[in-house]
Protein chains: 2
Amino acid sequence: MKINFLEQYRQQIKCLVALDSIIFGFDGTDLKLLLVKRGIETEHDTWSLMGGWLAPNETLEMAAHRIVFELIGLENVYLEQLGAFGDPTRDPVERTVSVAYFALINVPNYDDKIDHVFDAAWFPINDLPELLFDHKEMVAQAKEKLKYKAAFHPIGFELLPEKFTLPQLQNLYEAIFGVTIDKRNFSRKMLSTNLLIKLKEKQKGFSKKGAFLYKLDAERYKQDFNAFLNFIPNPDI
Amino acid sequence: MKINFLEQYRQQIKCLVALDSIIFGFDGTDLKLLLVKRGIETEHDTWSLMGGWLAPNETLEMAAHRIVFELIGLENVYLEQLGAFGDPTRDPVERTVSVAYFALINVPNYDDKIDHVFDAAWFPINDLPELLFDHKEMVAQAKEKLKYKAAFHPIGFELLPEKFTLPQLQNLYEAIFGVTIDKRNFSRKMLSTNLLIKLKEKQKGFSKKGAFLYKLDAERYKQDFNAFLNFIPNPDI
DNA sequence: TTTGAAAACGTAAATATGACACTTACTTTT
DNA sequence: AAAAGTAAGTGTCATATTTACGTTTTCAAA
(Lines give C-alpha, C1' and ligand atoms only; values in the text may rest on other atoms or scores of the structure.)
Protein backbone atom coordinates (compact mmCIF):
# COMPACT_ATOMS: atom_id res chain seq x y z
CA MET A 1 0.00 0.00 0.00
CA LYS A 2 1.53 3.22 -1.17
CA ILE A 3 0.54 5.29 1.85
CA ASN A 4 2.42 3.00 4.21
CA PHE A 5 5.36 3.09 1.86
CA LEU A 6 5.63 6.88 2.02
CA GLU A 7 5.03 6.85 5.76
CA GLN A 8 8.15 4.72 6.08
CA TYR A 9 10.17 7.51 4.51
CA ARG A 10 8.58 10.10 6.79
CA GLN A 11 9.55 8.20 9.93
CA GLN A 12 13.27 8.25 9.22
CA ILE A 13 15.75 10.70 10.64
CA LYS A 14 17.37 13.15 8.31
CA CYS A 15 20.94 14.30 8.52
CA LEU A 16 23.03 17.17 7.33
CA VAL A 17 25.60 15.92 4.84
CA ALA A 18 29.06 17.44 5.01
CA LEU A 19 32.01 16.96 2.71
CA ASP A 20 35.49 16.98 4.24
CA SER A 21 38.69 17.04 2.21
CA ILE A 22 42.05 15.65 3.21
CA ILE A 23 44.39 17.55 0.92
CA PHE A 24 47.85 16.02 0.62
CA GLY A 25 50.69 17.89 -0.99
CA PHE A 26 54.35 17.21 -1.67
CA ASP A 27 57.01 19.89 -1.91
CA GLY A 28 59.82 17.74 -3.26
CA THR A 29 61.02 16.80 0.18
CA ASP A 30 58.09 16.25 2.53
CA LEU A 31 54.50 15.06 2.41
CA LYS A 32 52.17 17.70 3.81
CA LEU A 33 48.56 18.23 4.77
CA LEU A 34 46.58 21.40 4.10
CA LEU A 35 44.52 22.59 7.03
CA VAL A 36 42.26 25.59 7.55
CA LYS A 37 40.75 27.53 10.39
CA ARG A 38 37.06 27.94 9.87
CA GLY A 39 36.84 30.80 12.28
CA ILE A 40 33.09 31.10 12.57
CA GLU A 41 32.42 27.48 13.08
CA THR A 42 34.11 26.77 16.35
CA GLU A 43 34.82 28.69 19.49
CA HIS A 44 38.46 27.75 19.58
CA ASP A 45 39.96 28.52 16.16
CA THR A 46 41.04 24.89 15.96
CA TRP A 47 42.65 23.64 12.77
CA SER A 48 40.42 21.51 10.59
CA LEU A 49 40.09 19.92 7.20
CA MET A 50 38.56 22.01 4.45
CA GLY A 51 34.89 21.18 4.36
CA GLY A 52 31.47 22.27 3.34
CA TRP A 53 27.88 21.18 2.94
CA LEU A 54 26.17 19.15 0.27
CA ALA A 55 24.03 21.44 -1.88
CA PRO A 56 20.83 20.60 -3.76
CA ASN A 57 21.29 19.09 -7.20
CA GLU A 58 24.91 18.13 -6.89
CA THR A 59 26.49 14.73 -6.45
CA LEU A 60 28.87 14.00 -3.61
CA GLU A 61 31.80 14.13 -5.99
CA MET A 62 30.71 17.45 -7.50
CA ALA A 63 30.42 18.86 -4.01
CA ALA A 64 33.87 17.61 -3.03
CA HIS A 65 35.40 19.17 -6.16
CA ARG A 66 33.57 22.48 -5.51
CA ILE A 67 34.84 22.60 -1.94
CA VAL A 68 38.45 21.88 -2.89
CA PHE A 69 38.23 24.45 -5.69
CA GLU A 70 36.96 27.10 -3.25
CA LEU A 71 40.15 26.73 -1.25
CA ILE A 72 42.91 26.13 -3.72
CA GLY A 73 41.56 27.44 -6.98
CA LEU A 74 42.64 24.44 -9.06
CA GLU A 75 40.44 22.24 -11.17
CA ASN A 76 41.03 18.62 -12.17
CA VAL A 77 42.60 17.82 -8.83
CA TYR A 78 42.97 14.11 -8.13
CA LEU A 79 40.14 13.38 -5.70
CA GLU A 80 39.07 10.05 -4.30
CA GLN A 81 36.37 9.16 -1.82
CA LEU A 82 37.62 7.89 1.51
CA GLY A 83 34.27 6.99 3.01
CA ALA A 84 31.45 8.15 5.25
CA PHE A 85 31.76 9.12 8.89
CA GLY A 86 28.53 9.12 10.84
CA ASP A 87 29.04 8.90 14.59
CA PRO A 88 25.86 10.46 16.09
CA THR A 89 27.93 12.74 18.32
CA ARG A 90 30.50 13.85 15.78
CA ASP A 91 28.94 17.35 15.43
CA PRO A 92 27.47 18.84 18.63
CA VAL A 93 25.12 21.19 16.78
CA GLU A 94 23.15 18.78 14.64
CA ARG A 95 23.26 15.17 13.40
CA THR A 96 25.72 15.16 10.50
CA VAL A 97 27.13 12.51 8.22
CA SER A 98 30.38 13.50 6.57
CA VAL A 99 31.64 12.03 3.34
CA ALA A 100 35.40 12.42 3.24
CA TYR A 101 37.57 12.67 0.14
CA PHE A 102 41.30 12.89 -0.18
CA ALA A 103 43.02 15.08 -2.74
CA LEU A 104 46.54 14.97 -4.10
CA ILE A 105 48.24 18.14 -5.26
CA ASN A 106 51.68 19.39 -6.00
CA VAL A 107 52.45 22.08 -3.45
CA PRO A 108 54.12 24.62 -5.80
CA ASN A 109 51.00 24.64 -8.00
CA TYR A 110 48.95 25.62 -4.99
CA ASP A 111 50.73 28.67 -3.69
CA ASP A 112 49.79 30.79 -6.69
CA LYS A 113 46.10 30.25 -6.16
CA ILE A 114 45.44 30.41 -2.44
CA ASP A 115 42.10 31.82 -1.52
CA HIS A 116 42.90 34.14 1.34
CA VAL A 117 39.40 33.96 2.76
CA PHE A 118 40.64 30.86 4.47
CA ASP A 119 43.37 30.85 7.06
CA ALA A 120 45.12 27.91 5.43
CA ALA A 121 48.51 26.39 6.12
CA TRP A 122 50.57 23.32 5.25
CA PHE A 123 51.67 20.98 7.99
CA PRO A 124 54.19 18.12 7.73
CA ILE A 125 52.20 14.90 7.70
CA ASN A 126 53.91 13.64 10.83
CA ASP A 127 53.59 16.84 12.82
CA LEU A 128 49.93 17.79 12.80
CA PRO A 129 48.14 20.07 15.25
CA GLU A 130 45.02 19.09 17.19
CA LEU A 131 42.09 18.73 14.80
CA LEU A 132 38.38 19.45 14.94
CA PHE A 133 35.73 16.74 15.37
CA ASP A 134 36.77 13.37 13.92
CA HIS A 135 39.18 14.95 11.43
CA LYS A 136 42.10 13.26 13.15
CA GLU A 137 40.56 9.89 12.35
CA MET A 138 39.82 10.97 8.79
CA VAL A 139 43.44 11.95 8.30
CA ALA A 140 44.67 8.67 9.75
CA GLN A 141 42.43 6.69 7.42
CA ALA A 142 43.41 8.84 4.46
CA LYS A 143 47.10 8.25 5.16
CA GLU A 144 46.45 4.52 5.20
CA LYS A 145 44.46 4.65 2.00
CA LEU A 146 47.14 6.76 0.31
CA LYS A 147 49.77 4.21 1.31
CA TYR A 148 47.58 1.39 0.12
CA LYS A 149 46.76 2.95 -3.21
CA ALA A 150 50.25 4.27 -3.84
CA ALA A 151 51.78 0.87 -3.24
CA PHE A 152 50.02 -0.54 -6.25
CA HIS A 153 48.98 2.37 -8.46
CA PRO A 154 51.03 5.26 -9.70
CA ILE A 155 48.88 7.89 -7.95
CA GLY A 156 51.99 9.26 -6.28
CA PHE A 157 52.65 11.09 -9.51
CA GLU A 158 49.65 13.32 -8.80
CA LEU A 159 51.72 14.81 -6.01
CA LEU A 160 54.65 15.70 -8.24
CA PRO A 161 55.22 18.63 -10.59
CA GLU A 162 55.28 18.01 -14.30
CA LYS A 163 59.04 17.56 -14.17
CA PHE A 164 60.68 15.77 -11.28
CA THR A 165 63.84 13.88 -10.43
CA LEU A 166 64.44 10.32 -9.27
CA PRO A 167 65.59 11.50 -5.85
CA GLN A 168 62.36 13.51 -5.53
CA LEU A 169 60.31 10.48 -6.54
CA GLN A 170 62.11 8.38 -3.97
CA ASN A 171 61.62 11.06 -1.29
CA LEU A 172 57.92 11.00 -2.11
CA TYR A 173 57.59 7.24 -1.69
CA GLU A 174 59.70 7.28 1.43
CA ALA A 175 57.49 10.03 2.85
CA ILE A 176 54.29 8.16 1.99
CA PHE A 177 55.48 4.86 3.47
CA GLY A 178 57.77 6.10 6.20
CA VAL A 179 60.54 3.74 5.15
CA THR A 180 64.02 4.07 3.69
CA ILE A 181 64.39 2.49 0.26
CA ASP A 182 67.67 1.53 -1.37
CA LYS A 183 68.13 4.03 -4.19
CA ARG A 184 69.67 1.51 -6.57
CA ASN A 185 66.76 -0.89 -6.19
CA PHE A 186 64.19 1.88 -6.26
CA SER A 187 65.64 3.36 -9.41
CA ARG A 188 65.80 0.02 -11.20
CA LYS A 189 62.23 -0.83 -10.20
CA MET A 190 60.84 2.55 -11.11
CA LEU A 191 62.58 2.71 -14.47
CA SER A 192 61.42 -0.82 -15.25
CA THR A 193 57.80 0.39 -15.28
CA ASN A 194 58.50 2.45 -18.40
CA LEU A 195 56.26 5.16 -17.01
CA LEU A 196 59.07 7.72 -16.94
CA ILE A 197 60.45 9.78 -19.80
CA LYS A 198 64.00 10.98 -19.18
CA LEU A 199 64.59 14.59 -20.18
CA LYS A 200 67.88 16.07 -21.30
CA GLU A 201 67.47 18.78 -18.69
CA LYS A 202 69.04 18.63 -15.24
CA GLN A 203 67.81 20.05 -11.97
CA LYS A 204 69.60 23.24 -10.98
CA GLY A 205 70.33 24.73 -7.60
CA PHE A 206 69.90 21.66 -5.46
CA SER A 207 72.93 19.37 -5.70
CA LYS A 208 76.35 19.76 -7.26
CA LYS A 209 75.98 17.15 -9.99
CA GLY A 210 72.33 17.93 -10.62
CA ALA A 211 69.80 15.15 -11.18
CA PHE A 212 68.17 14.39 -14.54
CA LEU A 213 64.58 15.54 -14.83
CA TYR A 214 61.84 13.12 -15.82
CA LYS A 215 58.24 13.43 -16.78
CA LEU A 216 55.41 10.96 -16.73
CA ASP A 217 54.41 9.13 -19.89
CA ALA A 218 50.77 10.21 -19.73
CA GLU A 219 49.52 7.64 -22.20
CA ARG A 220 51.16 4.77 -20.43
CA TYR A 221 50.07 6.13 -17.05
CA LYS A 222 46.48 5.97 -18.23
CA GLN A 223 46.82 2.52 -19.73
CA ASP A 224 48.70 1.03 -16.82
CA PHE A 225 46.87 2.66 -13.95
CA ASN A 226 45.15 -0.57 -13.05
CA ALA A 227 48.06 -2.76 -13.95
CA PHE A 228 49.66 -4.22 -10.90
CA LEU A 229 52.63 -2.22 -9.84
CA ASN A 230 54.45 -2.98 -6.69
CA PHE A 231 56.87 -0.21 -5.98
CA ILE A 232 57.39 -0.84 -2.34
CA PRO A 233 59.29 -3.79 -0.87
CA ASN A 234 57.05 -5.59 1.63
CA PRO A 235 54.58 -2.78 2.13
CA ASP A 236 52.99 -2.74 5.55
CA ILE A 237 49.38 -1.85 4.70
CA MET B 1 28.68 35.73 15.74
CA LYS B 2 26.96 32.62 16.96
CA ILE B 3 23.57 33.39 15.43
CA ASN B 4 25.06 33.48 11.94
CA PHE B 5 26.87 30.26 12.70
CA LEU B 6 23.64 28.40 13.56
CA GLU B 7 21.88 30.00 10.62
CA GLN B 8 24.48 28.37 8.38
CA TYR B 9 23.37 24.98 9.66
CA ARG B 10 19.71 25.83 9.17
CA GLN B 11 20.25 26.74 5.51
CA GLN B 12 21.65 23.35 4.51
CA ILE B 13 19.65 20.57 2.92
CA LYS B 14 19.05 17.45 4.93
CA CYS B 15 19.03 13.95 3.53
CA LEU B 16 17.73 10.58 4.46
CA VAL B 17 20.63 8.21 5.12
CA ALA B 18 20.28 4.65 3.90
CA LEU B 19 22.56 1.71 4.47
CA ASP B 20 22.90 -0.84 1.65
CA SER B 21 24.69 -4.17 2.02
CA ILE B 22 26.43 -6.12 -0.68
CA ILE B 23 26.47 -9.61 0.80
CA PHE B 24 28.92 -11.97 -0.87
CA GLY B 25 28.83 -15.68 -0.19
CA PHE B 26 30.78 -18.68 -1.40
CA ASP B 27 29.36 -22.19 -1.61
CA GLY B 28 32.61 -24.01 -2.29
CA THR B 29 32.28 -23.64 -6.02
CA ASP B 30 30.86 -20.24 -6.90
CA LEU B 31 30.90 -16.71 -5.57
CA LYS B 32 27.37 -15.48 -5.00
CA LEU B 33 25.45 -12.35 -4.12
CA LEU B 34 22.46 -12.27 -1.79
CA LEU B 35 19.56 -10.19 -3.07
CA VAL B 36 16.15 -9.43 -1.68
CA LYS B 37 12.82 -8.18 -2.91
CA ARG B 38 11.60 -5.36 -0.77
CA GLY B 39 8.09 -5.74 -1.99
CA ILE B 40 6.56 -2.65 -0.49
CA GLU B 41 9.22 -0.31 -1.66
CA THR B 42 8.95 -0.49 -5.37
CA GLU B 43 6.19 -1.01 -7.86
CA HIS B 44 8.01 -3.71 -9.74
CA ASP B 45 9.27 -6.26 -7.23
CA THR B 46 12.78 -5.66 -8.55
CA TRP B 47 15.67 -7.40 -6.86
CA SER B 48 17.77 -5.20 -4.65
CA LEU B 49 20.49 -5.20 -2.05
CA MET B 50 19.44 -5.60 1.56
CA GLY B 51 19.09 -2.14 2.99
CA GLY B 52 17.58 0.01 5.66
CA TRP B 53 17.64 3.42 7.25
CA LEU B 54 20.02 5.00 9.70
CA ALA B 55 18.35 5.20 13.11
CA PRO B 56 18.94 7.77 15.88
CA ASN B 57 21.85 7.05 18.20
CA GLU B 58 23.60 4.49 16.10
CA THR B 59 26.78 4.75 14.06
CA LEU B 60 26.88 3.85 10.38
CA GLU B 61 28.64 0.61 11.20
CA MET B 62 26.14 -0.36 13.91
CA ALA B 63 23.33 0.28 11.43
CA ALA B 64 25.01 -1.82 8.75
CA HIS B 65 25.49 -4.71 11.19
CA ARG B 66 21.85 -4.42 12.36
CA ILE B 67 20.56 -4.53 8.80
CA VAL B 68 22.65 -7.55 7.84
CA PHE B 69 21.61 -9.29 11.07
CA GLU B 70 17.92 -8.69 10.26
CA LEU B 71 18.30 -10.65 7.07
CA ILE B 72 20.70 -13.46 7.84
CA GLY B 73 20.60 -13.78 11.59
CA LEU B 74 24.35 -14.00 12.04
CA GLU B 75 26.50 -11.78 14.16
CA ASN B 76 30.19 -11.00 13.76
CA VAL B 77 29.88 -11.03 9.98
CA TYR B 78 32.85 -9.52 8.18
CA LEU B 79 31.63 -6.08 7.13
CA GLU B 80 33.56 -3.30 5.44
CA GLN B 81 32.44 0.09 4.26
CA LEU B 82 32.45 0.55 0.52
CA GLY B 83 31.59 4.22 0.43
CA ALA B 84 28.81 6.74 0.04
CA PHE B 85 26.49 7.10 -2.92
CA GLY B 86 24.66 10.38 -3.21
CA ASP B 87 23.42 11.12 -6.70
CA PRO B 88 20.49 13.57 -6.16
CA THR B 89 18.20 11.45 -8.30
CA ARG B 90 19.11 8.05 -6.96
CA ASP B 91 15.82 7.75 -4.99
CA PRO B 92 12.75 9.25 -6.65
CA VAL B 93 10.85 9.69 -3.39
CA GLU B 94 13.25 11.82 -1.40
CA ARG B 95 16.88 12.96 -1.39
CA THR B 96 18.86 10.04 0.01
CA VAL B 97 22.53 9.37 0.60
CA SER B 98 23.36 5.70 0.89
CA VAL B 99 26.38 4.35 2.70
CA ALA B 100 27.20 0.94 1.25
CA TYR B 101 28.97 -1.90 3.05
CA PHE B 102 30.02 -5.27 1.78
CA ALA B 103 29.74 -8.43 3.83
CA LEU B 104 31.44 -11.78 3.44
CA ILE B 105 29.74 -14.94 4.59
CA ASN B 106 30.01 -18.63 4.11
CA VAL B 107 26.85 -19.72 2.30
CA PRO B 108 26.16 -22.94 4.29
CA ASN B 109 26.16 -20.92 7.56
CA TYR B 110 23.46 -18.74 6.12
CA ASP B 111 20.82 -21.24 5.10
CA ASP B 112 20.02 -22.21 8.69
CA LYS B 113 19.17 -18.70 9.67
CA ILE B 114 17.24 -17.15 6.82
CA ASP B 115 14.68 -14.63 7.87
CA HIS B 116 11.70 -15.50 5.73
CA VAL B 117 10.22 -12.04 6.01
CA PHE B 118 12.51 -11.22 3.13
CA ASP B 119 12.20 -12.81 -0.24
CA ALA B 120 15.90 -13.49 -0.45
CA ALA B 121 17.90 -15.50 -2.96
CA TRP B 122 21.48 -16.15 -3.94
CA PHE B 123 22.63 -15.29 -7.44
CA PRO B 124 25.92 -16.23 -9.10
CA ILE B 125 28.10 -13.14 -9.15
CA ASN B 126 28.33 -13.16 -12.92
CA ASP B 127 24.66 -13.72 -13.58
CA LEU B 128 22.78 -11.03 -11.72
CA PRO B 129 19.25 -9.79 -12.40
CA GLU B 130 18.34 -6.15 -12.97
CA LEU B 131 18.84 -4.21 -9.74
CA LEU B 132 17.06 -1.31 -8.07
CA PHE B 133 18.41 2.25 -8.08
CA ASP B 134 22.23 2.42 -8.21
CA HIS B 135 22.64 -1.02 -6.67
CA LYS B 136 24.22 -2.29 -9.89
CA GLU B 137 26.97 0.30 -9.48
CA MET B 138 27.36 -0.59 -5.81
CA VAL B 139 27.80 -4.24 -6.69
CA ALA B 140 30.34 -3.41 -9.39
CA GLN B 141 32.38 -1.31 -6.97
CA ALA B 142 32.11 -3.95 -4.25
CA LYS B 143 33.39 -6.63 -6.62
CA GLU B 144 36.37 -4.43 -7.41
CA LYS B 145 37.04 -3.73 -3.76
CA LEU B 146 36.75 -7.40 -2.90
CA LYS B 147 39.29 -8.25 -5.62
CA TYR B 148 41.54 -5.49 -4.44
CA LYS B 149 41.39 -6.44 -0.79
CA ALA B 150 41.58 -10.19 -1.41
CA ALA B 151 44.67 -9.81 -3.55
CA PHE B 152 46.65 -8.58 -0.59
CA HIS B 153 44.80 -9.60 2.57
CA PRO B 154 43.44 -12.98 3.55
CA ILE B 155 39.83 -11.79 3.73
CA GLY B 156 38.85 -14.53 1.33
CA PHE B 157 38.86 -16.86 4.31
CA GLU B 158 35.79 -15.05 5.66
CA LEU B 159 33.92 -16.67 2.79
CA LEU B 160 34.97 -20.19 3.66
CA PRO B 161 33.64 -22.66 6.23
CA GLU B 162 35.79 -23.53 9.19
CA LYS B 163 37.21 -26.50 7.33
CA PHE B 164 37.98 -26.27 3.64
CA THR B 165 40.14 -27.87 0.99
CA LEU B 166 42.85 -26.46 -1.25
CA PRO B 167 40.71 -26.96 -4.35
CA GLN B 168 37.91 -24.99 -2.66
CA LEU B 169 40.35 -22.23 -1.73
CA GLN B 170 41.56 -22.10 -5.30
CA ASN B 171 37.98 -22.05 -6.62
CA LEU B 172 37.32 -19.12 -4.33
CA TYR B 173 40.24 -17.06 -5.59
CA GLU B 174 39.49 -17.98 -9.18
CA ALA B 175 35.89 -16.87 -8.65
CA ILE B 176 36.92 -13.59 -7.05
CA PHE B 177 39.45 -12.72 -9.74
CA GLY B 178 37.89 -14.41 -12.74
CA VAL B 179 41.15 -16.04 -13.72
CA THR B 180 42.51 -19.57 -13.90
CA ILE B 181 45.43 -20.20 -11.57
CA ASP B 182 47.92 -23.03 -11.89
CA LYS B 183 47.08 -25.36 -9.02
CA ARG B 184 50.67 -26.32 -8.30
CA ASN B 185 51.78 -22.72 -8.05
CA PHE B 186 48.70 -21.73 -6.09
CA SER B 187 49.16 -24.52 -3.61
CA ARG B 188 52.84 -23.77 -3.05
CA LYS B 189 52.14 -20.08 -2.63
CA MET B 190 49.23 -20.57 -0.28
CA LEU B 191 51.03 -23.12 1.89
CA SER B 192 54.06 -20.86 2.08
CA THR B 193 52.01 -18.27 3.99
CA ASN B 194 51.78 -20.68 6.95
CA LEU B 195 48.21 -19.55 7.48
CA LEU B 196 46.82 -23.04 6.91
CA ILE B 197 46.69 -25.94 9.35
CA LYS B 198 46.44 -29.30 7.59
CA LEU B 199 43.97 -31.66 9.19
CA LYS B 200 44.15 -35.43 9.10
CA GLU B 201 40.58 -35.51 7.83
CA LYS B 202 39.71 -35.79 4.14
CA GLN B 203 36.74 -34.40 2.28
CA LYS B 204 34.12 -37.02 1.54
CA GLY B 205 31.64 -37.32 -1.24
CA PHE B 206 33.20 -34.96 -3.75
CA SER B 207 36.13 -36.58 -5.52
CA LYS B 208 37.47 -40.13 -5.55
CA LYS B 209 40.76 -39.43 -3.78
CA GLY B 210 39.28 -36.88 -1.42
CA ALA B 211 41.18 -33.72 -0.64
CA PHE B 212 42.75 -32.98 2.73
CA LEU B 213 40.84 -30.53 4.88
CA TYR B 214 42.53 -27.43 6.25
CA LYS B 215 41.63 -24.79 8.75
CA LEU B 216 42.90 -21.29 9.24
CA ASP B 217 45.52 -20.55 11.87
CA ALA B 218 43.45 -17.89 13.63
CA GLU B 219 46.35 -16.42 15.56
CA ARG B 220 48.50 -16.03 12.53
CA TYR B 221 45.56 -14.72 10.49
CA LYS B 222 45.16 -11.93 13.02
CA GLN B 223 48.86 -11.15 13.18
CA ASP B 224 49.42 -11.21 9.46
CA PHE B 225 46.23 -9.54 8.29
CA ASN B 226 48.09 -6.39 7.38
CA ALA B 227 51.21 -8.15 6.23
CA PHE B 228 51.57 -7.98 2.51
CA LEU B 229 50.37 -11.10 0.85
CA ASN B 230 50.26 -11.46 -2.87
CA PHE B 231 48.31 -14.55 -3.78
CA ILE B 232 47.40 -13.65 -7.28
CA PRO B 233 49.82 -13.52 -10.20
CA ASN B 234 49.63 -10.07 -11.80
CA PRO B 235 46.26 -9.11 -10.39
CA ASP B 236 44.27 -6.75 -12.55
CA ILE B 237 42.83 -4.38 -9.97
C1' DT C 1 40.30 -56.17 -10.59
C1' DT C 2 40.43 -52.35 -13.53
C1' DT C 3 39.45 -47.77 -14.58
C1' DG C 4 39.32 -42.95 -14.22
C1' DA C 5 39.73 -38.62 -12.17
C1' DA C 6 40.97 -35.46 -8.70
C1' DA C 7 44.62 -34.48 -5.48
C1' DA C 8 49.23 -34.32 -4.22
C1' DC C 9 53.91 -33.74 -5.07
C1' DG C 10 57.81 -32.12 -7.77
C1' DT C 11 61.31 -29.90 -11.34
C1' DA C 12 63.64 -26.50 -14.38
C1' DA C 13 64.28 -22.13 -16.37
C1' DA C 14 63.36 -17.37 -16.17
C1' DT C 15 62.70 -13.31 -13.64
C1' DA C 16 62.73 -10.41 -9.67
C1' DT C 17 64.58 -8.87 -5.38
C1' DG C 18 67.71 -7.41 -1.65
C1' DA C 19 72.09 -5.97 -0.23
C1' DC C 20 75.79 -3.71 -1.42
C1' DA C 21 80.27 -0.12 -3.51
C1' DC C 22 82.41 2.59 -6.79
C1' DT C 23 82.49 6.20 -10.47
C1' DT C 24 80.89 10.45 -12.42
C1' DA C 25 79.56 15.19 -12.79
C1' DC C 26 79.50 19.44 -11.32
C1' DT C 27 79.72 23.43 -7.97
C1' DT C 28 82.31 25.32 -4.24
C1' DT C 29 86.54 26.12 -1.94
C1' DT C 30 91.34 26.90 -1.79
C1' DA D 1 93.52 26.48 -12.13
C1' DA D 2 93.35 22.69 -9.19
C1' DA D 3 91.47 20.31 -5.46
C1' DA D 4 87.71 19.07 -2.66
C1' DG D 5 83.28 17.56 -1.62
C1' DT D 6 78.78 15.77 -2.35
C1' DA D 7 74.74 14.07 -4.61
C1' DA D 8 73.54 11.31 -8.55
C1' DG D 9 74.13 7.50 -11.37
C1' DT D 10 75.44 2.91 -12.35
C1' DG D 11 76.39 -2.21 -11.65
C1' DT D 12 77.11 -6.98 -9.45
C1' DC D 13 75.99 -11.16 -7.01
C1' DA D 14 73.43 -14.38 -4.33
C1' DT D 15 68.97 -15.62 -3.17
C1' DA D 16 64.08 -15.83 -3.66
C1' DT D 17 60.12 -16.07 -6.36
C1' DT D 18 57.50 -17.02 -10.32
C1' DT D 19 55.97 -19.40 -14.39
C1' DA D 20 55.14 -23.41 -16.88
C1' DC D 21 54.77 -27.91 -16.74
C1' DG D 22 54.57 -33.67 -15.69
C1' DT D 23 54.15 -37.78 -12.93
C1' DT D 24 52.47 -40.47 -9.07
C1' DT D 25 49.11 -41.49 -5.63
C1' DT D 26 44.70 -42.39 -3.74
C1' DC D 27 40.38 -43.94 -3.77
C1' DA D 28 35.47 -44.69 -5.31
C1' DA D 29 32.95 -46.30 -9.19
C1' DA D 30 32.47 -49.46 -12.87
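Below, all heavy atoms of this structure are taken into account, side chains as well, without hydrogens, waters or symmetry copies. Chain identifiers are assigned alphabetically (A, B, ...) following the order of the sequence lines, protein sequences preceding nucleic acid strands; residue numbering begins at 1 within each chain.
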*Asks:* In whole angstrom, what separates B/N185's CG from C/dT15's P?
*Replies:*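 Result: 15 Å.
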*Asks:* Parallel under 30°, tilted from 30 to 60°, perpendicular over 60°: which one fits the rings of B/F123 and B/W47?
*Replies:*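 B/F123 vs B/W47 ring planes: perpendicular.
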*Asks:* For the pair made of CE in A/M190 and P in D/dA8, what is the distance, rounded to whole Å?
*Replies:*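 The distance from CE of A/M190 to P of D/dA8 comes to 16 Å, rounded to the nearest Å.
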*Asks:* How many Å lie between CD on B/Q168 and P on C/dA8, as a whole number?
*Replies:*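 In whole Å, C/dA8 P lies 11 Å from B/Q168 CD.
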*Asks:* Could you give the CG-to-P distance, from A/L169 to D/dA8, as a whole number of Å?
*Replies:*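 It works out to 13 Å between those atoms.
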*Asks:* Could you work out, with side-chain contact (heavy atoms from CB on, under 4.5 Å) as the rule, every residue matching A/S48, not counting sequence neighbours?
*Replies:*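 For A/S48, the residues satisfying side-chain contact (heavy atoms from CB on, under 4.5 Å) (neighbours in sequence not counted) are A/V36, A/R38, A/L132, A/H135.
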*Asks:* How does protein contact run along nucleotides 22-30 of chain C, one letter per nucleotide 5' to 3', with B for base contact, S for sugar-phosphate only, - for none, heavy atoms under 4.0 Å?
*Replies:* --BBBBS--
*Asks:* How many whole angstroms separate atom CD of B/Q203 from atom C1' of C/dA5?
*Replies:*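 One finds 14 Å between C1' of C/dA5 and CD of B/Q203, rounded.
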*Asks:* How many whole angstroms separate atom OH of B/Y214 from atom C1' of C/dA7?
*Replies:*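 Atom-to-atom, B/Y214 to C/dA7, this comes out as 10 Å.
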*Asks:* Quick one: side-chain contact (heavy atoms from CB on, under 4.5 Å) partners of A/D27, sequence neighbours excluded?
*Replies:*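 side-chain contact (heavy atoms from CB on, under 4.5 Å) list for A/D27, sorted by chain: A/T29, A/D30, A/K32, A/V107.
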*Asks:* Residues two or more places apart in sequence or in another chain: which of them pass ring pair (Phe, Tyr, Trp, His ring centres under 6.0 Å) with B/F164?
*Replies:*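 Testing B/F164 for ring pair (Phe, Tyr, Trp, His ring centres under 6.0 Å), a comparison that skips the adjacent residues, returns B/F157.
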*Asks:* How many Å lie between CZ on B/F206 and C1' on D/dA29, as a whole number?
*Replies:*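 For the pair B/F206 CZ and D/dA29 C1', the rounded distance is 16 Å.
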*Asks:* Classify the angle between the aromatic ring planes of B/Y148 and A/H153 as parallel (below 30°), tilted (30 to 60°) or perpendicular (above 60°).
*Replies:*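 Judged by the thresholds at 30° and 60°, the geometry between B/Y148 and A/H153 is tilted.
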*Asks:* Between the side chains of A/Y221 and A/E158, does any donor sit under 3.5 Å from an acceptor?
*Replies:*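 Note: A/Y221 and A/E158 side chains meet the donor-acceptor criterion.
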*Asks:* Who are the side-chain contact (heavy atoms from CB on, under 4.5 Å) partners of B/A211, not counting sequence neighbours?
*Replies:*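 Listed in chain order: B/T165, B/P167, B/Q203.
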*Asks:* Taking five pairs at each end of the helix from C/dT1-D/dA30 to C/dT30-D/dA1, what angle separates the two helix axes (nearest 10°)?
*Replies:*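 Both end axes considered, the difference amounts to 0°.
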*Asks:* Using only atom types and a distance under 3.5 Å, with no angle test, would you say the side chain of A/E130 pairs donor to acceptor with the backbone of A/T46?
*Replies:*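 Pair absent, no side-chain N/O of A/E130 close to backbone of A/T46.
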*Asks:* Compute the ring centroids of A/F152 and B/F152, then answer whether they are less than 6.0 Å apart.
*Replies:*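 Distance test on ring centres: under 6.0 Å, yes.
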*Asks:* By nearest nucleotide on DNA chain C, pick out whichever of B/D182 and B/A211 is the more 5' one.
*Replies:*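 With B/D182 and B/A211 compared, the 5'-side residue is B/A211.
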*Asks:* Starting at atom CZ of A/R188, determine the distance to atom P of D/dT12, rounded to an integer number of angstrom.
*Replies:*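 It is 12 Å, rounded to the nearest whole Å.
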